[in-house]
Peer 1: 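To start, I am sharing the structure in question, which I have written as structure tokens.
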Amino acid sequence: MENQKQTAFSTKESWRILLSLFRFARPYQFLFLVSFVFLAFGSTIAAYLPIIIQRYIDTYLANGTATIEITVRIVIFYGILTLLKAVFAYAKDFLFNTASERTVGNIRNQLYEKVVLLGMRYFDQTPAGTVVSRVTNDTETIKEFWTVFLTIATGVFNVLSITIAMFALNWRMALVFLLFTPVIVWIAGVYRKKSTLVYSRMRKVLSQLNANLSESISGMSIIQKYNQEERLVDEFNTINEEYVVSRRSMYSMNALLLAPAINVIESIALVAVLLIFGYQDWTQGNINIGLVYAFTAYSRSFFQPISQMMNSLSSLQDGIVSGHRVQELLKNEELAPQSKPDTNGMITEGHIRVNNLNFSYDGSKQVLRNISFEVKPGETVALVGQTGSGKSSIINVLMRFYEYHEGEITIDGHSLKDMPIEGLRTKMGLVLQDSFLFYGNIADNIRMYNSDYTEAEVKKAAEFVYADEFISEMEHGYASKVIERGASLSAGEKQLISFARTILRSPRILILDEATANIDTETEEKIQKGLANMRKNRTSLIIAHRLSTVKDADQILVLSNGEIVEKGTHDELIDKKGTYFDMYELQTYQEKTGEM
Ligand SMILES: Nc1ncnc2c1ncn2[C@@H]1O[C@H](COP(=O)(O)OP(=O)(O)OP(=O)(O)O)[C@@H](O)[C@H]1O
């Protein structure tokens with residue numbers, strides 16, 4: 001399973017993750033490269049500008065030889081270089097951001113492509129919020145990582161070019177600056193250690209905050225029904241307070257270790273340089289004012305990028321954590337079942353045979369044991385049994401939502417594993433209790449965005465299942481909007497739309513999770529009529545909760561604890577006076593007394 005908690009990595013692991021993040025950038029390496037060329041130009045100009053002023057002061061001003069002409073020439077030269085520096089900075093930022101946005105877009109696409117390939121097992125084990133966060137938040141953090149990378153690259157280029165410029169001007173003074181580097185490296189080390197702790201605490205509390213929020217939003221109706229508002233607000237306040245405190249410690253750490261510490265070192269370095277210049281003047285009397293100017297300017301530009309780089313370290317850490325999570329998801333092998341390559345088994349008649357099927361979701365708890373049954377073409381077989389007895393699990397395996405490893409299932413003589421999944425699912429129409437509708441309109445939801453189906457076909461399918469009537473009565477008919485999950489439609493209406501969706505594909509086999517709860521009698525009647533129409537001449541496998549609805553089934557399979565404990569027609573099972581008989585008696589009694 002995906003390791004979502006890990007927030008700290010060894011140096012080796014961090015490098016490995018960093019390298020993998022760079023691999024995503026490969027398609028855009030040219031853009032990155034050109035932006036670095038502009039960065040190098042910009043840094044070189046930045047390091048050269050103080051030298052122009054230094055030369056002007058020492059060569060012309062100090063000797064009293066500065067004419068208007070020379071001054072204007074130098075001002076123009078300085079101006080042009082400054083302008084060029086700005087143009088390079090713009091080009092660098094533009095190209096770099098284009099490349100990094102595309103890289104992150106690329107990661108998002110890869111993630112989504114992976115998510116739709118993952119098996120149901122992954123989604124059983126991973127909260128929806130986590131998957132959303134992988135594709136949105138983590139990729140955003142990786143975007144920040146690229147910004148940090150640019151800051152660090154700019155810092156490195158600037159420090160290098162300034163170091164070279166300082167050595168070119170006066171190597172002794174340059175050495176004085178370099179002497180302070182170990183102190184800065186030490187502060188950076190301390191900061192990294194502290195910031196890893198502070199930031200990981202901040203991230204942890206933030207993810208608690210998100211989890212709390214998403215849970216309360218999805219369970220809002222229960223929260224309000226059971227008057228849980230106050231408790232949840234209190235809980236939220238506590239986590240929120242913790243988040244505020246953790247952010248405060250981040251600011252206080254940054255306020256102490258970042259700019260102020262570096263500023264102190266910068267000032268000390270400057271004082272040291274000035275003292276040396278002063279000493280030279282006093283002993284030798286040949287001070288170069290221009291040189292003093294240049295070193296004063298360099299002291300700022302030398303230490304500032306270092307402080308910025310340190311500031312970025314924590315975001316770098318965030319980027320590594322997100323990079324790791326993204327990689328884990330991309331590497332996840334919990335894939336949806338695949339059919340064997342080059343298979344072409346097809347459903348023609350709809351003859352299902354299940355032989356000694358054993359199945360477990362997690363590899364340890366056995367959910368189906370020794371399941372064997374047959375559904376001949378055109379027959380109806382009902383699955384009945386207590387809650388948790390394994391009815392839906394049989395359907396999950398038949399629809400290939402989960403892989404099975406023991407036993408054999410064939411349809412029309414082909415093993416299920418030898419059938420291309422797409423064809424299999426088109427020919428096996430599944431209608432679940434909870435019909436999922438997509439944002440869009442009714443017609444799109446029936447044709448499932450497959451433009452091969454004409455409007456007439458969509459209407460015919462709706463008519464076939466008695467859905468046309470209520471759709472035509474709506475203001476915009478088939479073009480009526482379906483808002484999120486079909487919230488504006490009743491459960492029965494949604495069910496009828498999903499019948500139309502199923503029948504449009506002319507399946508050979510129908511798999512129905514009998515769904516009649518909370519539906520008014522008029523709609524229920526329509527649903528039953530729709531169902532009866534759909535079942536005509538089709539092989540049907542029905543999960544029945546109300547036994548009265550499957551009395552006419554050709555065969556009823558009674559499940560208990562993952563095993564088929566009884567098999568037969570309604571009359572045979574009633575005569576047997578076993579489990580089915582008891583269930584039937586109980587339900588008839590409950591229906592009579594209205595207890596259901
Ligand atoms: N996705 C899953 N992951 C792990 N175990 C599961 C999963 N779905 C169901 N189970 C377990 O498998 C067993 C059979 O569940 P199944 O949903 O097949 O029962 P059912 O007969 O359809 O029940 P119901 O009538 O309540 O829908 C149960 O013990 C259940 O806890």
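Each residue takes its place number in the sequence, starting with 1. In listed order, ligands and their atoms are each counted from 1.
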Peer 1: With atoms numbered from 1 as shown, which atoms in ligand 1 lie under 4.0 angstrom from a non-hydrogen atom of Asp124?
Peer 2: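 Near Asp124, meaning under 4.0 Å from one of its heavy atoms, ligand 1 has 1 (N), 2 (C), 3 (N).
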Peer 1: Are a donor atom and an acceptor atom from the side chains of Gln327 and Ser20 found within less than 3.5 Å of each other?
Peer 2: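 The answer is yes; a qualifying pair exists.
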Peer 1: For atom 2 (C) of ligand 1, which of the options Tyr361, Phe359, Phe123 provides the nearest non-hydrogen atom?
Peer 2: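 Among Tyr361, Phe359, Phe123, the closest heavy atom to atom 2 (C) of ligand 1 belongs to Tyr361.
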Peer 1: Check for me whether Gly390 has a heavy atom closer than 4.0 Å to any atom of ligand 1.
Peer 2: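 Flag set, Gly390 near ligand 1.
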Peer 1: So for Asp362, does at least one of its heavy atoms come nearer than 4.0 angstrom to any atom of ligand 1?
Peer 2: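 No, that is not the case, since the closest heavy atom of the residue is not under 4.0 Å from the ligand.
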Peer 1: Take Tyr584 and His570, measure what ring pair (Phe, Tyr, Trp, His ring centres under 6.0 Å) needs, and give me the verdict at the end.
Peer 2: CA-CA 10 Å; Tyr584 189 75; His570 173 78; 4.8 Å; yes
Peer 1: Determine the minimum heavy-atom distance between Arg201 and Glu242, stating which atoms define it.
Peer 2: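 Of all heavy-atom pairs spanning Arg201 and Glu242, the closest is NH2-O, 4.3 Å.
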Peer 1: May I ask you to check if ligand 1 and His545 share an N or O to N or O distance below 3.5 Å?
Peer 2: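 So ligand 1 has no N or O lying under 3.5 Å from an N or O of His545.
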Peer 1: Identify, by atom number and element, the atoms of ligand 1 in contact range of Ser393, meaning under 4.0 Å from any of its heavy atoms.
Peer 2: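 Counting atoms of ligand 1 from 1, those under 4.0 Å from Ser393 are 14 (C), 15 (O), 16 (P), 18 (O).
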Peer 1: With a 4.5 Å heavy-atom cut-off, do Thr539 and His351 have their side chains touching?
Peer 2: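 Side-chain contact under 4.5 Å: no.
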Peer 1: Would you say the side chains of Asp362 and Ser360 form a donor-acceptor pair under 3.5 Å?
Peer 2: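 On atom types as modelled, these side chains qualify, holding a pair under 3.5 Å.
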Peer 1: Evaluate Val367 for polar contact with ligand 1, using N/O atom pairs at a separation under 3.5 Å.
Peer 2: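 The answer is no, given that Val367 and ligand 1 share no N or O pair closer than 3.5 Å.
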Peer 1: Hey, are Asp124 and Tyr402 close enough side-chain-wise for a donor-acceptor pair under 3.5 Å?
Peer 2: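 Yes, Asp124 and Tyr402 have a side-chain donor paired with an acceptor closer than 3.5 Å.
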Peer 1: Any side-chain donor-acceptor pair under 3.5 Å between Tyr361 and Asn396?
Peer 2: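 Side-chain D/A pair, Tyr361 to Asn396: present.
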Peer 1: Does only the side chain of Thr387 get under 4.0 Å from ligand 1, or the backbone, or both, or neither? Count heavy atoms.
Peer 2: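 Both backbone and side chain of Thr387 come within 4.0 Å of ligand 1.
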Peer 1: I'd like to know if Arg121 contacts ligand 1, where contact means a heavy-atom distance under 4.0 Å to any ligand atom.
Peer 2: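 Contact check Arg121 vs ligand 1: negative.
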Peer 1: Does even one non-hydrogen atom of Met120 get within less than 4.0 Å of ligand 1?
Peer 2: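 For ligand 1, residue contact (heavy atoms, under 4.0 Å) with Met120 is absent.
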Peer 1: Any chance the side chains of Arg231 and Gln228 put a donor and an acceptor closer than 3.5 Å?
Peer 2: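 Short answer, yes.
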Peer 1: Check each of Gly388, Ser560, Gly385, Ser360 against atom 23 (O) of ligand 1 and report the one with the nearest heavy atom.
Peer 2: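 Considering heavy atoms of Gly388, Ser560, Gly385, Ser360, the nearest to atom 23 (O) of ligand 1 sits in Gly388.
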